[in-house]
Amino acid sequence: MENSSLINKKSNRKFKESDYYNCSHSEYYLLPFKFHRINATKEILVNEVGDFIIVPSGTAETIISKKLLKHIDEDLYADLISNFFICEEKVPALIDILATRYRTKKSFLDYFTSLHIFVISLRCEHTCHYCQVSRVVQNKDVYDMKISHIDKGIDLMMQSPNPNITMEFQGGEALLAFDKIKYAVIKASDEAPKKNKHITFVICTNLAPITDEILEFCLSYQILISTSLDGPEYIHNKNRHRPGNNSYQLAIKGINKCRESLGNDRVSALLTTTNLSLDYPNEIVDEYFNQGFRNIFLRSISPFGFAAKNSKKNKYEASKFLNFYKTALNRIIEYNLNGEFYREDYASIILKKILTPFPVGYVDLQSPSGMINSVIVFNYDGKVYATDEARMLAETKDYTFQLGDLDVNSYNEIFYGDKAFQFAEAWTNESLPGCSECAFQMYCGTDPVLNHQTQGDIYGHRPTSVFCQKNMEIIRYLIELMDSNKQIEHVFRSWITGRN
Amino acid sequence: MKHEIVGNMLTVIVDKETYPSDVLYKCFYWYSDNYNVQIFPLDHFNYKVTLQCKVLEHNFDSILEKIQQDLIDFKLRDIVAKETRTVRELIIAKAFAYYDLADNPSTEISDPVGFNPDII
C-alpha cells in the first residue's frame, strides 16, 4: 500500500453522522414511471427500466402531487429513491446506471435476426381443424421447398449479424420432406464455421412419420424436436384428426422414442388451445405432467389460416381463455407447492421481464416487435415473410407482410426494404395509443400482424385488442399472485432460475 | 365535472385547464370500445365530451365514477410525462449512444488504498 498521503485532505470514506443523511425537507423530483391499479386496494408503480413497487391505492397520487413526506413515509421514500422513481436532484447522479439498464432491456436488438424459419413443405397427413397453415395433402413438387430456395435461404441466413442463429423447419408436416431437411442441415452446418456462426436446429413435427433413420440424423446434428400435444387423448384426437384417429398414440409413441434416442431435454411439446380445451385446464396440465414434461406453454390460438375460417370452433373471447389460463396456472402452482418443479412457459417469459433486468427471446413479447428483428420466414415457394403468422395470412391471399422473394430480392431489400420501414412505425409499444401510458409496457410487446388480422390495421386498437386484454390481465394476475403469497413468488423465481 | 344523460348518450363538461386535450384523448380512448366518443371545445374554459353507448339500453351510473377516477389517473400520468420528459430522453439517448467513458467520474473521495485508475 502506498503512503497515506494518497488519502488526500479532501475527505475520506468514513460514513457521516446520521444527521447528515436525515434531511427535514422532502423536496424531490419525479423520474419516469407509470402506474396501474392491480386490484381494489393496491396499485403498482413501474419505472422506465421495469422495476416495480406495489403500494396502497392512492400512493401514486401522493407521490406525483409532491405530498410524500420523507420523515413520515421513510421506508417508502427510501424505496422510491433507491429504485429510481424519484430523486433529490433534477438529474439523478446514477443516470448512467439507468441508461445501461435500459440498454440491457433492449439488448435483444444488438445482433438482429436469430430465428430463421424454413417452411420445408406444406404437405401434411393430419387435418387439424385449427390448422393455421392451410396445409395440403399431396403434390410434393409444388408444395415442397426447392433446393435452390434452400440454398438462397441459407445464404441469407448466414448474412445475419447474429453469431447465434436458429434454423427451424416447419410445415405442414416437416418430416414429410426429410430429404430436404437433411440437405439443408448438412449445407448449413458446412457453411456455419466459415461465417463464425453457431447454429441450433429445430424440427417442428407431429411425430407421425418419425423413423430410426430420422432420429439418428437428429442425434448427429443435435436437432431439437418440437411437437404438439393438446392434452389427454380425447382432446388431442378431437383437435388433431388424422386417418385412423390415432394422432395421440403416435404423438406419445414419438415423444418417447425421441427421448430415448435424443434425450429428455431435446423434445418439447406445444399446446394449442381450442374451445374444447377451455373446459379441461386441469386435465391438460395433468396430462403434460404425466407424460414427463416439466413445462407447458399455455397459449391461445391465433386467428390465422384455417383457424380463422373455423370461427365457431375457434373464436372465443379473451375472457374465456383467461379463465382457462388462471385455472391451469393455479394447478401448475399447486404442483410446485407440493414439491414438484413444473413451469408455465408464458408466465416464465413475462416473469423474466418483471423480475430480471434482461430481455427475452420470445418474439411476440418484444418491443420493438420480433418481426424481422428476431425472426424471418422462408416459405416453401421462395417467398419471404416477416413472421410465421404472416405466411399463414398469405395462404388466405393476404400478402401484407410478404417482404420479398428469394429469387429476386437481396438481403437489404428484404430486411431493410420499404415494408420493413412501414412496419417499424407500429412495432414499438412505446409509441402506440394506449401502450405509451401503460404501466406494463416494459413487460409486454407488440404484434402488428395480429393487429392487422384482427383489427384491420398494423397499429391496432387497444380497447378491443385480444392481445392487450390477454397480456394486461395475465401480467396483473402474476403480480397479484406474487404480492399475495410469498411462496408463489418463490415458485415463480424458481421458474426463472430453473432451480426448485 | 358536470354531466348530463339523455337516452344512451352521456355528456360530460370538463375544465380545460385541469384536463387539457392530451389527457382527455388518452383517457377516453379506453372507452371507445363500448362508446362512440367525441371531444370538442365548448367554450374558452371547457371541453364537452359525449359518450354514446353502442348498445341501445345502458346504465351510466357505474361509469361516471370510473370516468372521474380515470380522468385523475390520466392527469397524474400527464404530470409525470411532462416533468420527466427531459430525463427520459436523456436516459434513452445515453442508452443508445456509442461512446467510451474516457474520464473518471468526478468525486471528492480519493481512494484510501491508493488505487489510481489512470495508471492502468
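Only this structure's heavy atoms are used, side chains among them; waters, hydrogens and symmetry mates stay out. The sequence lines fix the lettering, A, B, ..., with proteins before strands; numbering per chain opens at 1.
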Would you call [X]-[Y] a salt bridge at under 4.0 Å N-O?
X	Y	answer
B:E83	A:K66	yes
B:R77	A:E437	no
A:R37	B:D73	yes

What is the distance from atom [atom1] of [X] to atom [atom2] of [Y], rounded to the nearest 0.5 Å?
X	Y	atom1	atom2	result
A:E430	B:I92	CD	CD1	7.5 Å
A:L31	B:R88	CG	CZ	12.5 Å
B:D33	A:S465	CG	OG	11.0 Å
B:I91	A:N47	CD1	CG	8.5 Å

Among B:V80, B:V87, B:I72, residue most engaged with chain A (heavy-atom pairs, under 4.5 Å):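 If we count pairs closer than 4.5 Å to chain A, B:V80 comes out on top.
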In terms of heavy-atom pairs under 4.5 Å with chain B, which of A:I63, A:I95, A:T100 leads?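 Highest number of pairs under 4.5 Å: A:I95.
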Give the member of A:K106, A:K34, A:H461 that has the highest number of heavy-atom pairs under 4.5 Å with chain B.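 Max contact count across the listed options: A:H461.
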What's the shortest heavy-atom distance between [X] and [Y], and which atoms?
X	Y	answer
B:Y29	A:P463	O-CG, 3.2 Å
B:L76	A:S65	CD2-OG, 4.4 Å
B:K94	A:A99	CB-CB, 3.5 Å

Considering residues, nucleotides and ligands other than [X], do more than 12 of their heavy atoms fall under 6.0 Å from its [atom1]?
X	atom1	value
A:Y477	OH	yes
B:E17	CD	no
B:F45	CZ	no
A:F421	CZ	no

Counting only heavy atoms closer than 4.5 Å, note whether A:C87 contacts chain B via side chain, backbone, both or neither.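 Neither part, no heavy atoms under 4.5 Å.
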